[in-house]
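Here's the structure, in structure tokens; my notes come after.
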Amino acid sequence: MCHVIVTCRSMLWTLLSIVVAFAELIAFMSADWLIGKAKPSSSEDGDNRMGGSQEPYHPTLGIYGRCTRISHMQLSRRDTLCGPYAENFSEIASGFWQATAIFLAMGIMILCAVAFVSVFTMCVQSIMKKSIFNVCGLLQGIAGMYTL
């Protein structure tokens, strides 16, 4: 039988654990790690005919994703295409980015495991006389070291 033990501390910790795990995952998937110099649009009146403002294009690169301009769609507002550029791990931009991908993936896995376990802390607060809060807090600290 499960006794639900919900305190403000456990609820806040659970919610923040889930939010941080999702934020790390979104940062990993983002293509905005490096933002290039602004490139003006090649068509003089492309967006001005449509009634929009002429905004320069900034190419971006992430760990394994990038955003590029589609040349044949200059007149539309959605003229950039974002997606992965790496088919496999060896095609990631450099060795440093590969190491970043490994460490971030390990940190995200730990954070997701802690977020999953934090839901169960509302029913059980200790395992083998060790507080789940202390153990998961240590795991979050370790995950933070991986993601720095």
Side-chain angles (χ1 to χ4, degrees), residues 2 6 8-125 127 130-148:
C2 177
V6 179
C8 290
R9 182 180 99 166
S10 66
M11 183 61 77
L12 182 65
W13 178 66
T14 300
L15 292 175
L16 287 177
S17 295
I18 292 169
V19 166
V20 167
F22 277 122
E24 284 287 331
L25 187 62
I26 290 169
F28 182 76
M29 302 299 285
S30 173
D32 294 332
W33 284 60
L34 293 176
I35 300 175
K37 291 181 181 179
K39 295 180 180 179
S41 179
S42 62
S43 62
E44 298 274 324
D45 57 346
D47 284 337
N48 291 334
R49 272 193 309 200
M50 302 291 285
S53 64
Q54 187 75 7
E55 294 181 14
Y57 164 70
H58 295 274
T60 61
L61 178 69
I63 289 182
Y64 79 101
R66 69 176 171 196
C67 291
T68 58
R69 174 165 275 182
I70 303 171
S71 60
H72 64 278
M73 295 182 65
Q74 295 291 325
L75 297 178
S76 71
R77 295 202 184 273
R78 302 203 37 113
D79 60 351
T80 58
L81 177 67
C82 296
Y85 68 86
E87 295 281 328
N88 56 37
F89 184 74
S90 63
E91 292 180 359
I92 292 179
S94 72
F96 292 113
W97 287 63
Q98 290 174 351
T100 301
I102 291 170
F103 285 119
L104 268 175
M106 289 172 56
I108 290 169
M109 285 191 305
I110 293 171
L111 286 174
C112 288
V114 168
F116 183 72
V117 168
S118 69
V119 174
F120 292 110
T121 61
M122 294 185 192
C123 295
V124 179
Q125 288 189 334
I127 295 176
K130 299 285 184 189
S131 171
I132 293 177
F133 289 109
N134 293 341
V135 174
C136 288
L138 177 65
L139 287 175
Q140 284 178 331
I142 292 169
M145 296 301 283
Y146 278 117
T147 59
L148 289 177

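When reading the values below, keep in mind they use all heavy atoms of this one structure, side chains included, and skip hydrogens, waters and symmetry mates. Numbers here are sequence positions counted from 1. Since we're looking at a predicted model, the values are computed, not measured.
No donor-acceptor pair under 3.5 Å is formed between the side chain of S30 and the backbone N or O of I26. At distances below 3.5 Å, at least one donor-acceptor pair connects side-chain atoms of T60 with backbone N or O atoms of A31. No side-chain donor-acceptor contact under 3.5 Å links E24 to the backbone of V20.
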Any chance you could lay out the side-chain contact (heavy atoms from CB on, under 4.5 Å) test for W97 and I102, step after step, and finish with the verdict?
CA-CA 9 Å; W97 287 63; I102 291 170; over 6 Å; no

Hey, mind stepping through W13 and V114 against side-chain contact (heavy atoms from CB on, under 4.5 Å) and telling me if it holds?
CA-CA 10 Å; W13 178 66; V114 168; 4.0 Å; yes

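The number of heavy-atom neighbours closer than 6.0 Å to CZ of F89, taken from other residues, nucleotides and ligands shown, is above 12.
Here the CE-CG distance, from M29 to L104, works out to 12.0 Å after rounding to the nearest 0.5 Å. Annotation: the span from I108 atom CD1 to F103 atom CZ amounts to 13.5 Å, rounded to 0.5 Å.
Using a 4.5 Å cut-off on side-chain heavy atoms (C-beta onward), Y85 and L61 make contact.
Taking each heavy atom of I110 and I142 in turn, the nearest pair found is CD1-CG2, 4.3 Å.
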